[in-house]
Amino acid sequence: YKQIDEYFRKTSTSGFKVKVVASESCKSVCEALRDINSKGMIHNDFLLIFGDVVANFNLDKAYREHMRRKQEDKLNIMTKIFKKTGVNSPLRTPYDDCMIVMDNQTNRIF
């Protein structure tokens, strides 16, 4: 994680404050959320990603959509971004195999 932390120290983040947190014992997003919450680190909106994620895309649209939904209903507290992959894709993690059910009318996940 030190290389990731060093990268963000040297790179402009377009107004975002980036704090790299290593939680080596966490095996899922839920465990990571519990870990950073227990450290009292959650005060505002934040982005949580796994350390082995490599992506090259603009998060502005997802962020704006998150803020729009949050403004509509204060209970809209999380926006998740998914990438469709094949069954044997190296992008799949062995820890988080899941099925996602979404209502096409509301875009809500059940």
K.L.:
Go through the steps for Met41 and Val21 under the test side chain to side chain contact (heavy atoms under 4.5 Å, CB included), then give the verdict.
P.N.:
CA-CA 10 Å; Met41 298 174 69; Val21 179; 3.1 Å; yes

K.L.:
Would you say Phe46 has more than 12 foreign heavy atoms packed within less than 6.0 Å of its CZ?
P.N.:
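Check passes, neighbour count above 12.
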
K.L.:
Assess the residue pair Asp45 and Met67 against the criterion (side chain to side chain contact (heavy atoms under 4.5 Å, CB included)); give the C-alpha distance rounded to whole Å, side-chain angles, the decisive distance to 0.1 Å, and a yes or no.
P.N.:
CA-CA 9 Å; Asp45 295 326; Met67 296 308 288; 3.3 Å; yes

K.L.:
Between Ile42 and Leu33, which heavy-atom pair has the shortest distance, and what is it?
P.N.:
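Reported closest heavy-atom pair: CD1-O, 4.4 Å.
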
K.L.:
Rounded to the nearest 0.5 Å, what separation is found between the CD1 atom of Ile36 and the SG atom of Cys26?
P.N.:
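Result: 9.0 Å between the selected atoms.
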
K.L.:
I need the single residue from Glu72, His66, Glu65 that forms a side-chain hydrogen bond (donor to acceptor under 3.5 Å, both in side chains) with Arg69. Which is it?
P.N.:
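Result for side-chain hydrogen bond (donor to acceptor under 3.5 Å, both in side chains) with Arg69: Glu65.
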
K.L.:
Determine the minimum heavy-atom distance between Ala62 and Thr79, stating which atoms define it.
P.N.:
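Closest approach of Ala62 to Thr79, heavy atoms only: O-CG2, 4.5 Å.
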
K.L.:
Could you check whether atom NZ of Lys39 has more than 12 heavy atoms from other residues, nucleotides or ligands sitting under 6.0 Å from it?
P.N.:
yes

